[in-house]
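The next block holds one structure in the form of structure tokens; read it before the comments.
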Amino acid sequence: MTALTTTPLASPPRPTTVFATFVARSMLHTLRTPDALIMAIALPTILMVLFTQVFGGAIDPSGGYVDYVVPGIILLCAGFGAASTAVDVANDMKAGVIERFRTMPFRAETVIAGHVVASLVRNLVATAIVILVAVLLGFRPSATPLEWAATFALVAAYILAITYLFAAIGLAASSPEAASGYGFFLMFLPYLSSAFVPVDTMPEWLRWIADNQPLTPIIETIRGLLLGTEIGADGWWAIGWCALILAVALVLTRVLFRAKAGRR
Amino acid sequence: MDAITVRGIRKSFGGTEVLRGVELSVAAGTVFALLGPNGAGKTTLINILSTLVAPDAGTATVAGRDVAREPEEVKRRISLTGQSAAVDEVLTGRENLRMMGRLSGLGRRAASRRADELLARFGLDDAGRRRVATYSGGMRRRLDLAISLILTPPVVFLDEPTTGLDTRSRQALWEEIRGLTANGTTVLLTTQYLEEADRLADRIAVIEHGAVVAEGTPEELKARVGGEVVTLSDPEGAVLAELPTDGTLAGLRRAIAAIDHESASVALRSPSLDDVFLAVTGTREPAITKG
């Protein structure tokens, strides 16, 4: 047995070190549980093949449907990928590890930021893969490099917002299983938008929902950036919705974290 | 000097009073055991001292710092090993230690060096590169304890450190815990087992219904219980009587003199938590053991 060397009272870690450590932890988790990553890429890819190759011919016999549907698939992909954050967060909260973090000299909430950043990286990779597959299926975007950059920025903003929302769901859920169940509801949002069919083909009441829900302006903006369709006010609505969702989710996360892991 | 002082600590959860005015002093560099059954308030007291829970009334200091007024300063001077192993299943043992080292304020290289040192110390060098998900219960607990010793803090809290472990793992862990005081660390642990408190602690506080009902060295407490317990059973195995004795032949004669049952079988056993409660409170507290 080697003797334990005593260490003098260390200064608390810098907040940036804590943040970087938690990001590295969550990235390792992602790499070691590839199921979530595979699901996040495979499911949207399958859906894209399904929509373009199976339904696409009926929807638009000229084969142009792939151009229409890709922006929606990108957001669908982001949603799938972000959903696992709810389970990751719920897992951390049930384990004794959160109690230990809370007795250490840093903000324990940073553990959630680690999951969110890992989700952002994971989903941007998945988005790139989905776009590559789309190009193989005949997707021909007309975007300039600047428009590509704007597209990725908007997708990143959307992923960030929705991931924080899923983190809040993970905190609110009573168990990781419940967290995964609640997340399912958010997955339906893309279907009630202009992702797969134009909104004006829907009945009146559904059209009202589709027109006024956050995904429609985000999808229309991406469509405009990649394919040159009219963006108009949708760009501002898209940014506004992302900012609003992010702000609400950040406040929710803070409140729920305090309630669940605060000083009782 | 006292490493931990507890004065009139009270805490209620939803109308139930869990702690009713706890008083304690723990000398620096000693092992102190809180002995009591489930629901006695042991974990709540540990949680208050490790800043997880705020007390309703009373004051407590840990390593000279007030837990309510200077929680951040307290956090720098303690480590907590809770009842459920606080280890990351997905990471390897070494990665767990390195991550916690970084989170404790160590630099990259210092964290790696410390991780290897602790893996060797806790007999985990071979397992260090395996994911914790593959570890046995005993290995998890050892890693858990190793994590809380990354900085060898002045005060270490251990909440039921050996619950659920087999005898060998328990013995090994006991040695580690005893060794902690060698470099001046103060250990406050909770346990449901008298034997554990006896082996490890310099002093024991028996805690029941949120208050300390007895305090002293293991010898003092055992003297109050008596040496051993004589169990008399009828041939079917039903217990006829359990009688505390002082361990002498005279005591044994006195104990069995009252029993008029020629075919009764006699067995001696060590005092249990039950017996301690009987001795110090006069009521037999049902000691619900778990794990």
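So that the names make sense, note that chain A is the first sequence line, chain B the second, and so on, each numbered from 1.
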Please classify the contact of B:S79 with chain A as side chain, backbone, both or neither, using a heavy-atom distance under 4.5 Å. neither
How close do B:E160 and B:R141 get, heavy atom to heavy atom, and via which atoms? O-NH2, 3.2 Å
Inter-residue atom distance B:Q83.CD - B:T190.OG1, 0.5 Å rounding: 6.0 Å
For residues A:I159 and A:T127, report the shortest heavy-atom separation together with the two atoms involved. CD1-OG1, 4.2 Å
So, the part of B:T44 with a heavy atom under 4.5 Å from chain A: the answer is neither
For B:E73, is it the side chain, the backbone, both, or neither that has a heavy atom closer than 4.5 Å to a heavy atom of chain A? neither
Relative to each other, are the rings of A:F101 and A:F106 parallel, tilted or perpendicular (30° and 60° limits)? tilted
Side chain, backbone, both or neither of A:T103 within contact of chain B (heavy atoms, under 4.5 Å): both
Value rounded to 0.5 Å, distance of CE in A:M104 from CD1 in B:I150: 6.5 Å
Measuring heavy-atom distances to chain A, does B:R131 have an atom under 4.5 Å in its side chain, in its backbone, in both, or in neither? side chain
Could you tell me which of B:I78, B:V87, B:D144, B:T81 has the largest number of non-hydrogen atom pairs under 4.5 Å with chain A? B:D144
Side chain from CB out, backbone as N, CA, C, O: work out which of these in B:S148 comes under 4.5 Å of a heavy atom of chain A, or both, or neither. both
Residue among B:R98, B:M99, B:E72, B:E89 with most heavy-atom pairs under 4.5 Å to chain A: B:M99
Would you confirm whether B:D56, through its side chain, and B:S12, through its main-chain N or O, come within 3.5 Å as a donor-acceptor pair? yes
